[in-house]
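Here is how names work: the chains are called A, B, and so on, in the same order as the sequence lines, proteins then strands, and each is numbered from 1.
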Amino acid sequence: GQSLEQPSEVTAVEGAIVQINCTYQTSGFYGLSWYQQHDGGAPTFLSYNALDGLEETGRFSSFLSRSDSYGYLLLQELQMKDSASYFCVTSGGSYIPTFGRGTSLIVHP
Amino acid sequence: NAGVTQTPKFQVLKTGQSMTLQCAQDMNHNSMYWYRQDPGMGLRLIYYSASEGTTDKGEVPNGYNVSRLNKREFSLRLESAAPSQTSVYFCASSERQGLEAFFGQGTRLTV
């Protein structure tokens, strides 16, 4: 089976940098993804890492270390609109994507 | 581009009633998924279809059936709704083992 662990809540102030960590256990590995979900909305794809290292997309970056079964999402220059839930997702040998329980990011002015 | 279109957006059922949730995608993706999301939880996979003509159970398939009608459409059916099926349902399509998925807007179902 697959399991993912991420913090339930993270708080930060506008303009700051925040890191949301994710550790996973999976048999087989096809990559780690991150999604954003605002209250009442649908999940939106943010990033995907198949190989070790850092992927940067604007203010958001995602990192993967396959040897440590660990990844993180880094959000820079936080804005109020970044307040949302963030999910890490992995897929193993079964090709079934598994979501973590999500991290609620609260950005304060 | 419409992306993933899911209907209806809201539905209230009585225990024992049946209904079908519809989902269509216009991105020519092979894989489609149905998830449910309960408060404080991540998304849990109900059923998925890796390609047209195939369907497989996910983590929580009991009480549901699916049909992959063609490459574009993937429907979810509740034959006899139960209060435990009160949830928000999301349809998604993807090309990368579900790791870069596009989601419909969701269906809020109350039983």
Cluster check [X], [Y]: I/L/V/M/F/W/Y, side chain < 4.5 angstrom:
| X | Y | value |
| --- | --- | --- |
| B:M19 | B:F90 | no |
| A:Y30 | A:F63 | no |
| B:Y64 | B:Y35 | no |

Hey, what do you get for [atom1] ([X]) to [atom2] ([Y]), rounding to the nearest 0.5 Å?
| X | Y | atom1 | atom2 | result |
| --- | --- | --- | --- | --- |
| B:S49 | B:H29 | OG | NE2 | 13.5 Å |
| A:L51 | A:S65 | CG | OG | 12.0 Å |
| B:F102 | B:Q25 | CZ | CD | 10.5 Å |

Contact class of B:K9 relative to chain A, heavy atoms under 4.5 angstrom
neither
Select one option (side chain, backbone, both, neither) describing which atoms of B:L43 are under 4.5 Å from chain A's heavy atoms.
both
Measure A:T90 against the heavy atoms of chain B and call it side chain, backbone, both or neither at under 4.5 Å.
backbone
Pick from B:R44, B:Q37, B:E100, B:Q6: which one has the most heavy-atom pairs with chain A under 4.5 Å?
B:E100
Go through the steps for A:M80 and A:D82 under the test side-chain contact (heavy atoms from CB on, under 4.5 Å), then give the verdict.
CA-CA 5 Å; A:M80 296 298 292; A:D82 297 329; over 6 Å; no
Out of A:P43, A:G102, A:S85, which one racks up the most heavy-atom pairs below 4.5 Å with chain B?
A:P43
Under a 3.5 Å threshold, yes or no: a donor from one side chain and an acceptor from the other, between B:T20 and B:R77?
yes
Are there residues of residues 66-79 of chain A that reach to under 4.5 Å of chain B by heavy atoms, and which ones?
none
